[in-house]
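The structure under discussion appears below in the form of structure tokens.
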Amino acid sequence: MEDNPYGELRFDGPCPPSIKSFDTTGVVISLGSFSKIFCPGMRVAWMIAAPEILSKFADMKQNDILCSSTLHQAQIVAYMEMFDLDLHVEKICQVYRKRLSVMMEAIGQFFPKGAVVNPPAGGLFAWVELPEGINARDVFKVAVEEHKVAFVPGGAFFAEPGHENYMRLNFSGVSEDRLKEGIRRLGQVLAQSL
Ligand SMILES: Cc1ncc(COP(=O)(O)O)c(C=O)c1O
């Protein structure tokens, strides 16, 4: 199962080939979503798979919610008939690339040295590694309650326990000014914790 809603959002070099493109026997199921490349919150997605797999999933989807919002599907079709979706993706990549660079610059300015962040080559998030023993869920509590800034604690992304010293930061959803202010506040919280 190739779950790839962010693959087209690239800031540094071309998107790597999809796993599906290496599939010679029809075993790979590839997933994409318009919610990350067209409009956040518009949860219409697609699946590329062998016909026998697709028909099983179509039955499951009908049993579950019948179908994704027909209004949203029609809006996406109308958009693609009238405009160039690839051009839209290029535009949002420019906006997100700038926001990422604002966030990385603010991190350099406000985060203590013990917090390690490598700029991502694409997507909507940066991954922060804190020193071992620091629990990002504790940092989260202070950040939200006392500084009104949020992130997702990294442990939430793993099936098994651990990885509690990681944070996932979103850089796409807010303006550059708010991003900078959010990172400044998070920097204050981290400076107290590290
Ligand atoms: C890895 C991953 N797959 C799938 C989804 C779901 O996408 P959708 O907005 O189509 O529900 C998300 C995020 O929301 C995601 O992060």
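Note that ligands are numbered from 1 as they come in the structure, with each ligand's atoms numbered from 1 the same way. Just so we're clear, the structure is a prediction, and the values are computed from it rather than from any experiment. Sequence positions, counted from 1, serve as the residue numbers for this chain.
- Sorted by first and then second residue, the side chain to side chain donor-acceptor pair (under 3.5 Å) pairs involving residues 63-80 (not counting sequence neighbours) are K61-S68.
- Between H163 and F158, the ring planes lie parallel to each other; the angle is under 30°, not in the 30° to 60° tilted range.
- Residues meeting the salt bridge (charged side-chain N to carboxylate O under 4.0 Å, His left out) test with R178, sequence neighbours left out: none.
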Test side-chain hydrogen bond (donor to acceptor under 3.5 Å, both in side chains) on S21 and D23; report intermediate values, then the result. CA-CA 6 Å; S21 67; D23 182 18; over 6 Å; no
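- Pocket lining of ligand 1, defined as residues with a non-hydrogen atom under 4.0 Å away: D3, P5, Y6, S33, S35, K36, R43.
- Listed by first then second residue, pairs satisfying ring pair (Phe, Tyr, Trp, His ring centres under 6.0 Å) with a partner in residues 41-62 read F34-W46, not counting sequence neighbours.
- Cation-pi geometry between R168 and F125 is satisfied (NZ or CZ under 6.0 Å from the ring centre, within 45° of the ring normal).
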